[in-house]
Amino acid sequence: MTATAEDQRWKVLDPSSDPADPDEYLRTAVRWHFGAETGSPFWLRRMGQLDFDPLTEVRTYDDLQRFPNVVDELRSVPVEDLIPRGYGPNPPAPRVFESGGTTGAPKRAIFMPDWIADSVDRMLKGPQFADREPSNILVLTPTGPHKIGCMYDYIAERQNTVKFCIDMDPRWVKKVIASKQADQAEAYVEHILDQAEHILATQRVGLLVTTPPVLRACARRPRLVELINAKVELIFWGGAHMTVDERFALRHEHFPNVRMISRYGSLMILESATERPGLGPDEDIVYDPRSPVVTFRVVDPATGRPVEYGERGQIVMNHVSKGMFLPNNLERDTVIRVPGRPGQIGDSVSSPAPVDTFAGEKVIEGVY
């Protein structure tokens, strides 16, 4: 096979592609991740431990249920072992992001440069940026190794704007909550808000990116409420959970001058599902994943079988792309199962909420 033909074979896996045949996309991705010349050391090792041959027996998205959930291994695997060999003998360095540590030691995922470039393209076409004049951004979320805040570095560079951020370590908050030091957690949140208030009081900010617990804390500070209503055009929230009543109160009582948009996702799918348009302020938000790259199933955790539409179950997430392959991940959230959009693989979801315990660990959201 010539180099040109080889490149054409994998073109459907380019992050910017829009596959016409989802099952063929999946089969191509499996050939990539389990091919001796293209697969990552992680999956090539794991292949020998499977009781089936993914190259011949994975034909549709239902077959992803045959894979073990490997995300716990991402707490300790060398990140270099996650890079597919198909990127070449000297592959571009990935960006490494970590989870918030809600269910134990953090997990790590790699974002290859081609995935980041396309993610930024899609963010700029999304509702938080489309039809808006570029503005400075205040990222009031976890920083350091966490994706939620770091992606806005690329946005600010593309839009020639300024990104402001604060220091936030969600693991410390979870740690003091777990040790029943509620006063320390509250003091830490006040420390976060002090930083945010100073930025908003002294700088131009049009977009606020934050989490529901931090936004609720902002609403309890009159000066921050005043500054956000006066300066911010849009609040883009995610990373934790919010009820319909909380959302209504924040949008209509505390921040009536500001639009609010959310997203729902996980580091283990490398991106987030988007709000379905057209829903009213007193309706649950429906989140649609980016099928066929990201797909959801909502199941009864005791049986693994799908719950009925409109029923609550635990969410299983799949990520299938050129840079990462993470199938059959039972996440820590329960959700309401919703029919997907026409042509979508799998479910859409609404009303996410964390389980009380997961893998023997108490789930603590904290600020993220």
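Keep in mind that this is a model prediction, so the values were computed, not measured.
At distances below 3.5 Å, at least one donor-acceptor pair connects side-chain atoms of R251 with backbone N or O atoms of P256. Looking only at distances, a side-chain donor or acceptor of E275 sits under 3.5 Å from a matching main-chain atom of S262. Checked by atom type and distance alone, the side chain of E226 never pairs as donor or acceptor with a backbone atom of P222 at under 3.5 Å. Here the side chain of D21 pairs no donor or acceptor atom with the backbone of L26 at under 3.5 angstrom. At distances below 3.5 Å, at least one donor-acceptor pair connects side-chain atoms of S266 with backbone N or O atoms of M268. Under a 3.5 Å cut-off, the side chain of T334 and the backbone N or O of R312 do not form any donor-acceptor pair. With hydrogens and angles ignored, the 3.5 Å screen pairs a side-chain donor or acceptor of E283 with a backbone N or O of G280. R108 places a side-chain N or O within donor-acceptor distance of the main-chain N or O of R75, the cut-off being under 3.5 Å. Side-chain atoms of T38 never come within 3.5 Å of backbone atoms of G86 as a donor-acceptor pair (strictly under, hydrogens ignored). Between the side chain of D14 and the backbone N or O of S16 there is no donor-acceptor pair closer than 3.5 Å.
Transitive grouping of hydrophobic side chains (ILVMFWY, heavy atoms separated by less than 4.5 Å) brings Y25 and M324 into a common cluster. Note on L279 and F236: separate hydrophobic clusters, where clusters join Ile, Leu, Val, Met, Phe, Trp and Tyr whose side-chain heavy atoms are under 4.5 Å apart, directly or indirectly. Hydrophobic clustering (ILVMFWY, side-chain heavy atoms < 4.5 Å, transitive): I315 and Y309 are in distinct clusters. Taking hydrophobic clusters as Ile, Leu, Val, Met, Phe, Trp and Tyr residues chained together by side-chain heavy-atom distances below 4.5 Å, W237 does not share a cluster with F248. In terms of hydrophobic clustering, with Ile, Leu, Val, Met, Phe, Trp and Tyr side chains grouped at heavy-atom distances under 4.5 Å, F67 and V293 are assigned to a common cluster.
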Step-by-step side-chain contact (heavy atoms from CB on, under 4.5 Å) determination, I285 to Y264: CA-CA 10 Å; I285 297 170; Y264 169 68; over 6 Å; no
Chi angles and distances behind the side-chain contact (heavy atoms from CB on, under 4.5 Å) call for Q203, L138: CA-CA 10 Å; Q203 304 297 324; L138 171 55; over 6 Å; no
Evaluate the side-chain contact (heavy atoms from CB on, under 4.5 Å) criterion for residues L140 and I166: first the C-alpha distance (whole Å), next the side-chain angles of each, then the deciding distance (0.1 Å), finally the verdict. CA-CA 6 Å; L140 194 53; I166 52 87; 3.3 Å; yes
Checking L193 against C218 for the side-chain contact (heavy atoms from CB on, under 4.5 Å) test, could you report, in this order, the C-alpha distance in whole Å, the side-chain angles of both residues, the deciding distance, and whether it holds? CA-CA 7 Å; L193 298 186; C218 288; 3.8 Å; yes
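Within the 4.5 Å cutoff, the side chain of K163 has heavy atoms near those of the V139 side chain. No side-chain heavy atom of F34 sits less than 4.5 Å from a side-chain heavy atom of D53. Between S321 and V294 the shortest side-chain heavy-atom distance does not fall below 4.5 Å. Side-chain contact between L326 and L74 is present, with at least one heavy-atom pair separated by less than 4.5 Å. Contact of the H146 side chain with the M168 side chain is not registered, since no non-hydrogen atoms from C-beta on lie closer than 4.5 Å. With a 4.5 Å cut-off on side-chain heavy atoms, E233 and R259 count as touching. Side-chain contact between K11 and S17: absent, with no pair of heavy atoms (C-beta onward) separated by less than 4.5 Å. At a threshold of 4.5 Å between non-hydrogen side-chain atoms, the residues Q159 and F129 count as touching.
For D121 and K125, the salt-bridge test fails: no basic side-chain N is under 4.0 Å from an acidic carboxylate O. Remark: R247 does not engage D284 in a salt bridge, criterion side-chain N to carboxylate O under 4.0 Å. The pair E98-R171 meets the salt-bridge criterion, with a side-chain N (NZ, NE, NH1 or NH2) lying under 4.0 Å from an Asp/Glu carboxylate O. Ion pair K147/E271 not flagged as a salt bridge, since none of the NZ, NE, NH1 or NH2 atoms sits closer than 4.0 Å to an Asp/Glu carboxylate oxygen. A salt bridge between E197 and K231 is absent, with no side-chain N of the basic residue lying under 4.0 Å from a carboxylate O of the acidic one. Look at R59 and D23 and you find no salt bridge, because none of the NZ, NE, NH1 or NH2 atoms lies under 4.0 Å from a carboxylate O.
Between the side chains of D114 and Y87, at least one donor N or O lies within less than 3.5 Å of an accepting N or O. Between the side chains of R297 and N328, at least one donor-acceptor pair of N or O atoms lies under 3.5 Å. Y287 and S272 are not linked by any side-chain donor-acceptor pair at a separation below 3.5 angstrom, with hydrogens and angles left out of the test.
Other residues, nucleotides and ligands contribute more than 12 heavy atoms inside 6.0 Å of the NE2 atom of H252. Shown here is D18, whose CG atom has no more than 12 heavy atoms of other residues, nucleotides or ligands within 6.0 Å. A 6.0 Å sphere centred on CG of D183 holds more than 12 heavy atoms belonging to other residues, nucleotides or ligands.
Of all the heavy atoms in V173 and A185, the pair that sits closest is CG1-CB, 4.4 Å. Taking every heavy atom of both residues into account, R85 and A36 meet most closely at NH1-O, 3.3 Å.
Atoms OG1 and OH, from T141 and Y152 in turn, are 8.0 Å apart once rounded to the nearest 0.5 Å. Taking CD1 of I269 as the reference point, atom CZ of R290 lies at 11.0 Å (rounded to 0.5 Å).
Checked against the 6.0 Å centroid criterion, the rings of W115 and H319 qualify as a close aromatic pair.
Here the options are L270, L82, I83, the test is side chain to side chain contact (heavy atoms under 4.5 Å, CB included), and the partner is M112; only I83 passes.
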Scan the side chains in residues 339-348 for donor-acceptor partners under 3.5 Å anywhere in the protein, sequence neighbours excluded, and list what turns up.
from	atom 1	to	atom 2	distance (Å)
R341	NE	Q344	OE1	3.0
R341	NH2	P289	O	2.7
Q344	OE1	R341	N	3.2
Q344	OE1	S348	OG	3.4
Q344	NE2	D347	O	3.1
Q344	NE2	S348	OG	3.1
D347	OD1	R337	NE	2.9
D347	OD1	R337	NH2	3.2
D347	OD2	V298	N	3.0
D347	OD2	R337	NE	3.1
S348	OG	R276	NH2	3.4
S348	OG	D288	OD1	2.6

